[in-house]
*Asks:* 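Below are the structure tokens for one structure; questions will follow.
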Amino acid sequence: MKNKLTCRLFFIFSLFFLAFCNQAVAADKTEQAMQQSAQITEKININMATIQQLATIKGIGDKKAQAIIDYREVNGDFTDLTELVNVKGIGEATLKKIEPFITL
């Protein structure tokens, strides 16, 4: 009888402990997501950005990032964001997607 009671109490304690741990993990993930959102709200200057910085923009991978840098090296700095459609792999749809995250 005493053994069953101990097992039940241990089981109940374990459930409470797991619930507490899940809340702590969820709070940590929420904080990380908020930090990432804060980083995304800082616009990336396409005239000064590195390939790694450009590749962090959703819709731009390593190849498009390199294409932006190559275009910039050949033609000089961008003077208008719409010039990005001249870069291989970037069209109007991609420009619309990335526009909130870039600046000159």
*Asks:* Does the side chain of K64 come within less than 4.5 Å of T94's, by heavy atoms?
*Replies:* yes
*Asks:* Please report the shortest heavy-atom distance between F78 and I68, naming the atom on each side.
*Replies:* CE1-CG2, 3.9 Å
*Asks:* Just how far is it from atom CD of E83 to atom CG of N75, taken to the nearest 0.5 Å?
*Replies:* 8.0 Å
*Asks:* Could I get the full list of side-chain contact (heavy atoms from CB on, under 4.5 Å) partners for D77, not counting sequence neighbours?
*Replies:* N47, R72
*Asks:* Measuring from atom CG of L81 to atom NZ of K96, what distance do you get when rounded to the nearest 0.5 angstrom?
*Replies:* 14.5 Å
*Asks:* Could you state the interatomic distance from CD1 (I102) to CD1 (I44), rounded to the nearest 0.5 Å?
*Replies:* 9.0 Å
*Asks:* Applying side chain to side chain donor-acceptor pair (under 3.5 Å), name anything that partners E99, two or more places apart in sequence or on another chain.
*Replies:* none
*Asks:* Would a single hydrophobic cluster contain both M48 and I98, if residues Ile, Leu, Val, Met, Phe, Trp and Tyr are joined by side-chain heavy-atom contacts under 4.5 Å?
*Replies:* no
*Asks:* List the atom of I51, the atom of Q66, and the distance in Å for their closest heavy-atom pair.
*Replies:* CD1-OE1, 3.3 Å
*Asks:* Locate the shortest heavy-atom distance separating L95 from L84; write the atom from each residue and the value.
*Replies:* CD1-CD1, 3.9 Å
*Asks:* Show me, pair by pair, the donor-acceptor contacts under 3.5 angstrom made by side chains of residues 53-62, not counting sequence neighbours?
*Replies:*
from : atom 1 : to  : atom 2 : distance (Å)
Q53  : OE1    : T50 : N      : 2.8
Q53  : OE1    : T50 : OG1    : 3.4
T56  : OG1    : Q53 : O      : 2.6

*Asks:* Do you know the tightest heavy-atom contact between K43 and P100?
*Replies:* CE-O, 3.2 Å
*Asks:* Decide yes or no for L104 and T79: does some side-chain heavy atom of the first lie under 4.5 Å from some side-chain heavy atom of the second?
*Replies:* no
